[in-house]
Amino acid sequence: MIPVCRLEDLPVGESVRIATTPPIAVFNADGVLYAIDDTCSHQDASLSEGWLEGCLVECPLHAASFDLRTGQPTCLPARRPVRTHEVVVESGVVHVRPAVEEGTAA
């Protein structure tokens, strides 16, 4: 698992980018934490810099929107989903367990 930040340092409505390969964005959507690949599947833009509304994040480049719960795009121009990752809070610290990429061993 990758430590991200203290829970208190990720307020509701905010996000943080983890410099992994590929980058991961962690969002606090109304008190629920979600993690997805940070790069929009439509074009190279950071989703952590987008606009959060409920469980949806809007890409800052072309307004594609993604459901944080599933990674599925909810409107064009994005057509492909982004990966989701497990978020765990232990002792007040937010951690992400990255999803295993297809074709790689765990």
Side-chain angles (χ1 to χ4, degrees):
M1 285 197 301
I2 301 168
V4 178
C5 64
R6 297 206 45 80
L7 181 58
E8 63 206 32
D9 295 332
L10 185 56
V12 171
E14 296 295 321
S15 63
V16 63
R17 182 179 193 266
I18 308 170
T20 53
T21 304
I24 295 173
V26 181
F27 297 86
N28 185 337
D30 298 325
V32 180
L33 301 176
Y34 299 97
I36 61 173
D37 281 353
D38 187 47
T39 306
C40 178
S41 63
H42 169 250
Q43 200 165 12
D44 191 25
S46 173
L47 294 174
S48 64
E49 296 176 9
W51 296 274
L52 186 60
E53 186 171 328
C55 288
L56 301 179
V57 62
E58 182 180 309
C59 176
L61 193 57
H62 292 118
S65 183
F66 296 88
D67 188 318
L68 296 173
R69 297 167 293 192
T70 64
Q72 292 294 323
T74 60
C75 66
L76 296 173
R79 296 174 188 247
R80 290 178 292 121
V82 293
R83 283 185 313 158
T84 60
H85 307 277
E86 181 182 0
V87 180
V88 177
V89 178
E90 291 180 350
S91 301
V93 176
V94 178
H95 295 81
V96 170
R97 180 175 289 127
V100 177
E101 290 190 50
E102 291 183 29
T104 61

- Item | S15 side chain to F27 backbone, donor-acceptor under 3.5 Å | no
- Message: Is there a continuous path of hydrophobic side-chain contacts, each under 4.5 Å between heavy atoms, that joins V32 to V82?
- Response: yes
- Query: For the side chain of D67 and the backbone of Q72, is there at least one donor-acceptor N/O pair under 3.5 Å apart?
  - Reply: no
- Message: For a side chain to side chain contact (heavy atoms under 4.5 Å, CB included) check, start with the C-alpha distance between C40 and F66, then their side-chain angles and the critical distance, and finish with the verdict.
- Response: CA-CA 9 Å; C40 178; F66 296 88; 3.7 Å; yes
- Message: Is the shortest side-chain heavy-atom distance between S46 and R17 below 4.5 Å?
- Response: yes
- Task: Check R69 against C55 and note the closest heavy-atom contact, atom names and distance.
- Result: NE-CB, 3.8 Å
- Item | Inter-residue atom distance D38.CG - E49.CD, 0.5 Å rounding | 7.5 Å
- In Å and rounded to the nearest 0.5 Å, what is the CG to CD distance from L33 to E86? 12.0 Å
- Task: Heavy atoms only: give me the nearest A78-A64 pair and the separation to one decimal.
- Result: CB-CB, 3.5 Å
- Query: Rounded to the nearest 0.5 Å, how far does CG of L56 lie from SG of C75?
  - Reply: 8.5 Å
- Query: Ignoring hydrogens and geometry, is there a side-chain-to-backbone donor-acceptor pair from T74 to S65 under 3.5 Å?
  - Reply: yes
- Item | Main-chain N/O of T39 paired to D37 side chain as donor or acceptor, under 3.5 Å | no
- Message: I'd like to know whether H62 forms a side chain to side chain contact (heavy atoms under 4.5 Å, CB included) with Q43, so could you lay out the CA-CA distance, the side-chain angles of the two residues, the decisive distance to 0.1 Å, and finally the verdict.
- Response: CA-CA 8 Å; H62 292 118; Q43 200 165 12; 2.6 Å; yes
- Mind running side chain to side chain contact (heavy atoms under 4.5 Å, CB included) on L52 and L68 for me, showing each step along the way? CA-CA 10 Å; L52 186 60; L68 296 173; 3.5 Å; yes
- Task: Would you check if the side chain of R97 reaches a backbone N or O of M1 as a donor-acceptor pair within less than 3.5 Å?
- Result: no
- Item | Intermediate values then yes/no, side chain to side chain contact (heavy atoms under 4.5 Å, CB included), E58 and E53 | CA-CA 8 Å; E58 182 180 309; E53 186 171 328; over 6 Å; no
- Query: Are W51 and L61 co-members of a hydrophobic cluster defined by side-chain heavy atoms under 4.5 Å apart?
  - Reply: no
- Note on the structure: Here the pair of heavy atoms bringing A35 nearest to I24 is CB-CG2, 4.0 Å
- Considering all heavy atoms, the nearest R6-V93 contact: NH1-CG2, 3.5 Å
- Can you tell me if H85 uses its side chain to pair, donor with acceptor, with the backbone of A99 under 3.5 Å? yes
- Item | Closest non-hydrogen atom pair, A29 against G54 | CB-O, 3.2 Å
- Query: Honestly curious: do V57 and V87 fall in one hydrophobic cluster under the side-chain, below-4.5 Å linking rule?
  - Reply: no
- Would Y34 and I2 show up in the same hydrophobic cluster when neighbours are defined by side-chain heavy atoms closer than 4.5 Å? no
- Task: Verify the cluster assignment for V96 and L47: are they in a single hydrophobic cluster under the rule of side-chain heavy atoms below 4.5 Å apart?
- Result: no
